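Note that the structure is predicted; figures quoted are calculated from it, not measured. All ligand and atom numbering here is 1-based and tracks the order in the structure. In what follows, residues are counted from 1 in the order of the sequence shown.
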Amino acid sequence: SSNPSDKYDNLKAVKTPMLPPDTYKGKKVFVTGGGTGLGKAMTRMLSQLGAEVAIVSRSPDVLKSTSEEISAETGNPVHPIPANIRDPDAVKSSVDQFVEICGGLPDVVINNAAANFISPSERLSPNAWKTIVDVVLNGTMYTTLEIGKRLVEQQKGANFLTISTTYAALGSPFVTPSAAAKSGLENVTRSLAVEWGRHGMRFNCIAPGGIYTKGAFSRLDPTGQFQDKLTESTPTGRMGDQEEIANLACYLCSDYASWFNGEIFMFDGGQTLQASGMFSGYLELSKDQWDLAESLIRGTKGS
Ligand code: HXC
């Protein structure tokens, strides 16, 4: 096979938790968008490691079935807290419920909930723009402010993680609202890392590349062709795996990572760098073509 991850074992995904069992025993975690996709994968691993997790999203039914499924698997409590993070009053009430159910503020907050779809920007209505920015940037800030203010007040520390995306760094066509909102979140991460470090809070981001979830790929890859392009443009030749980001998230939100603060972790198998490298097209060249190129280059005299 020409796919490096089929050939080299060190490029394959390891799906089991890397942290010791009970790393999260006694820890309370607040995960937005925890009912599905990456949020669910992170919730599952945190729960496997002993955490008490509350998952927060718009859909009560999804939350209920996910919490029952994971709790039955791990034997640890997973609490469904329905709330639309676009609504600051709903966020406030979700934090009130969290405190009541878990007996205190969270030790870990994972800002994972997002919204996105591909669309030529000339097709975006003001409300389309507002919908994405309201979930991604405003909803994450309502959550962060609601919990952060209470943490400052109570002099309690906590570890925050926000899920960004690789194109937050330089932007991308066809996802302007998401690109704008996610880059905003990366600057929030760096700003609060400094401002609230003295209050015992750490803030980091993971900027994942292509990791298949129905929620994202039904809206970003409606025909399925984009996934092949992503795989081809990734040096290690595959998309990411949900358990891999869960392992990284569990590490960054644990006390083993207590000196990581204000960092944005690109997590994409090198796909972004390959796509941006000026000479990445030369990865296609055969040995014969390189022999020819070398002889032409060496044969050049003067300038
Ligand atoms: C143009 C669109 C549109 C489309 C919706 N709108 N879809 N415009 N093209 N394909 C417009 C609507 O017409 C409306 O504007 C406005 O957007 C709001 O749409 P609603 O359907 O009323 O909103 P809502 O029901 O709240 O749904 C929100 C949503 C939906 C974002 C549109 O997709 C959703 O709920 N997504 C949640 C999950 C998700 O998106 N996950 C992906 C995360 S991926 P008007 O003017 O008509 O009222 C990610 C990172 C990328 O974050 C990872 C890279 C691999």
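Between Thr23 and Cys250 the shortest side-chain heavy-atom distance does not fall below 4.5 Å.
In the candidate list Ile118, Thr165, Asn127, Asn127 is nearest to atom 48 (O) of ligand 1, counting heavy atoms.
In terms of protein heavy-atom proximity, atom 18 (C) of ligand 1 is closest to Thr131 OG1, 3.3 Å. From the protein, the heavy atom lying nearest to atom 52 (O) of ligand 1 is Ala114 CB, 3.4 Å. Of the protein's non-hydrogen atoms, Gly215 O, 3.7 Å is the one closest to atom 41 (N) of ligand 1. In terms of protein heavy atoms, atom 11 (C) of ligand 1 is closest to Ala128 CB, 3.7 Å. In this structure, atom 7 (N) of ligand 1 lies nearest to the protein heavy atom Phe117 CE2, 3.5 Å.
Listed by number with element, the atoms of ligand 1 under 4.0 Å from a non-hydrogen atom of Arg86 are 26 (O). Under a 4.0 Å criterion applied to the non-hydrogen atoms of Ala115, ligand 1 contributes the atoms 31 (C), 39 (C), 40 (O). Within ligand 1, the atoms closer than 4.0 Å to a non-hydrogen atom of Ala216 are 42 (C), 44 (S), numbered from 1 in the order shown. Set against the non-hydrogen atoms of Tyr167, the atoms of ligand 1 under 4.0 Å away are 50 (C), 51 (C). Listed by atom number, the atoms of ligand 1 under 4.0 Å from Ile132 heavy atoms are 31 (C).
In this structure, the side-chain contact (heavy atoms from CB on, under 4.5 Å) partners of Arg190, at least two apart in sequence or on a different chain, are Glu186, Asn187, Ile264.
For Ser280 and Gln274, the side-chain atoms include no donor-acceptor pair closer than 3.5 Å.
Between Arg219 and ligand 1, an N or O atom pair is found at a separation short of 3.5 Å.
Here the shortest heavy-atom pairing between Pro17 and Leu49 reads CB-CD2, 4.0 Å. Considering all non-hydrogen atoms of both residues, Lys182 and Ala114 come closest at NZ-CB, 3.8 Å.
Under 4.0 angstrom from ligand 1, the non-hydrogen atoms of Leu220 all belong to its side chain. Residue-level proximity to ligand 1 for Ser125 is carried by the side chain, the only part with a heavy atom below 4.0 angstrom. Under 4.0 Å from ligand 1, heavy atoms of Asn116 appear from its side chain as well as its backbone.
At least one heavy atom of Arg58 sits under 4.0 Å from some atom of ligand 1. Not a single heavy atom of Ser178 sits closer than 4.0 Å to an atom of ligand 1.
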